[in-house]
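Taking it in order: structure first as structure tokens, then the write-up.
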Amino acid sequence: MKKEELLKVYRTMKTIRSFEERCDKEFMQGNIPGFVHLYAGQEAVAVGICSHLSDEDKIGSTHRGHGHCIAKGCDVKGMMHEIMGKADGLCKGKGGSMHIADLSKGMLGANAIVGGAPPTAVGAALTAKTLGNKTVAIAFSGDGASNQGTTFEAMNMAVVLQVPAIFVFENNGYGEHTGADYAVGSKDIAGRAEGFGLPTYKVDGTDFFDVYETAGKAIKDAREGKGPSVIEAEAVRFGGHFIGDPQNYRAEGELDKLREEKDCLKIFRAKVVTDFDIKEEELDGIDKEVETLIDETAKSGISAPMPDAKELNSDVYLNY
Ligand SMILES: Cc1ncc(C[n+]2csc(CCOP(=O)(O)OP(=O)(O)O)c2C)c(N)n1
Ligand SMILES: [Mg+2]
């Protein structure tokens, strides 16, 4: 990758991290209604995959979707306003954290239905195959979602129809408060997926370069008509399942150790400073710019107006 591309990758990962930290703060201060699941810790997965995609490619996301949205190019101000329920949010303030979508960016939607993205992505991939437009569709799912029937059916259908779908499983070790080592029967998400007849890959989800290189191959193959594949990324969740989760199920010191040893931003910084012509100061400069941007989005979000009560029933159903 060229220097400019690497700096863009860092900026996007940092934007996700700062966005999530700010959401945490604003939620605790009562400025965000509903329920919020943060993506912090998993940035290298979303950015490693989405760096290969254009606006024409589609992604389906999860309840932990902010990182996927930012990596796919959604406007961060529109997202923050959406999460705060404001009228000028990306979905007019009616979707909130778990339903952010922007079809103009190929972002088909965050999704409160665990196991919802795989079938959606297969539909999008079937459209791509039918139109022959060489685009791909990505389904982001968690380890918990890997156990869902919808996911199994979608993988089977993708193989049968040979559509350009890539199933990305972010194994962050937990589905809500239950360990993946308990809930995933085979303890091997990629290995189990292989039984459906698709190529599978395992990557270190804390290493941007590992994700990026593997995703590059899977996405290229899908574009060339070689069919679907699966990527299991071993990832880490830096917070609770949702904001406010007391996380009593974690081992003592687990989070501190993860933040110390498995922070994908730290790992990326160390690598690009050593192996590429990039200086710490350049990255620090990006940190400052991103923090200013996120601060502005949060402040403008707080003062933005709510949707008018008259809008309550509009945008609920699509009129043909
Ligand atoms: C169909 C369905 N079943 C259960 C839930 C409740 N639920 C929300 S998130 C979640 C855990 C998902 O775990 P995982 O797929 O590993 O994603 P992560 O939260 O780790 O990102 C569950 C069970 C739901 N939203 N939808
Ligand atoms: Mg999980």
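Just so you know, these numbers come straight off a predicted model, no measurement behind them. Start at 1 and go down the list; that is how both ligands and their atoms are numbered.
- For the residue pair Asn133 and Glu56, no side-chain donor N or O sits within less than 3.5 Å of a side-chain acceptor on the partner.
- Other members of the cluster containing Tyr317 are Val316, with ILVMFWY side chains joined at under 4.5 Å, either directly or via other members.
- No part of Ser141 comes within 4.0 Å of ligand 1, judged by heavy-atom distances.
- For the residue pair Asn111/Arg64, the side-chain donor-acceptor check at 3.5 Å is not satisfied.
- In His37, neither the side chain nor the backbone holds a heavy atom less than 4.0 Å from any atom of ligand 1.
- Phe209 carries Lys271 over the face of its six-membered ring, with the cationic atom under 6.0 Å from the centre and within 45° of the normal.
- Polar contact with ligand 1: present for Asn172 (N/O pair, distance under 3.5 Å).
- Excluding water, every protein N/O/S atom under 2.8 Å from the Mg ion (ligand 2) is given here by residue and atom: Asp143 OD1, Asn172 OD1, Tyr174 O.
- At the shortest separation from atom 13 (O) of ligand 1 among protein heavy atoms lies Gly175 CA, 3.3 Å.
- For Glu176, heavy-atom contacts with ligand 1 shorter than 4.0 Å involve the backbone as well as the side chain.
- Of all the heavy atoms of Val114, the ones lying under 4.0 Å from any atom of ligand 1 are found in both the backbone and the side chain.
- In this structure, atom 16 (O) of ligand 1 lies nearest to the protein heavy atom Gly144 N, 2.8 Å.
- Within ligand 1, the atoms closer than 4.0 Å to a non-hydrogen atom of Gly142 are 14 (P), 15 (O), 16 (O), 17 (O), numbered from 1 in the order shown.
- Of the listed residues (Thr120, Ile59, Asp102), just one forms a side chain to side chain contact (heavy atoms under 4.5 Å, CB included) with Leu108, and that residue is Thr120.
- The distance criterion of under 3.5 Å between nitrogen or oxygen atoms is not met by Gln42 with respect to ligand 1.
- Atoms of ligand 1 lying under 4.0 Å from at least one heavy atom of Arg64, given by number and element, are 18 (P), 19 (O), 21 (O).
- Shown here are the ring-ring contact (aromatic ring centres under 6.0 Å, His included) partners of Tyr174, two or more places apart in sequence or in another chain: Tyr249.
- A donor and an acceptor atom, one from each side chain of Asn171 and Glu234, are nowhere located under 3.5 Å apart.
- Under a 3.5 Å cut-off, the side chain of Lys129 and the backbone N or O of Pro164 do not form any donor-acceptor pair.
- When atom types are taken as modelled, the side chain of Lys105 and the backbone of Lys58 share no donor-acceptor pair closer than 3.5 angstrom.
- In this structure, Gln29 places its CD atom where more than 12 heavy-atom neighbours from other residues, nucleotides or ligands lie under 6.0 Å away.
- For Tyr39, the ring-ring contact (aromatic ring centres under 6.0 Å, His included) test picks out His68, with sequence neighbours left out.
- In terms of protein heavy-atom proximity, atom 17 (O) of ligand 1 is nearest to His63 CE1, 3.5 Å.
- Here Glu170 has no heavy atoms under 4.0 Å from ligand 1, in either its backbone or its side chain.
- Under the 3.5 Å distance criterion, with hydrogens and angles disregarded, no donor-acceptor pair is assigned to the side chains of Arg223 and Thr135.
- Heavy-atom separations between Ala112 and ligand 1 include at least one value shorter than 4.0 Å.
- Side-chain atoms of Thr206 and Asp204 include a donor-acceptor pair closer than 3.5 Å.
- Outside the 6.0 Å centre-distance limit, the rings of His99 and His63 are not counted as a close aromatic pair.
- Those atoms of ligand 1 that come under 4.0 Å of a heavy atom in Gln148, given as number and element, are 1 (C), 2 (C), 3 (N).
- Atom 9 (S) of ligand 1 has its closest protein heavy atom at His241 CE1, 3.3 Å.
- At a 3.5 angstrom cut-off on N or O pairs, Ala145 counts as close to ligand 1.
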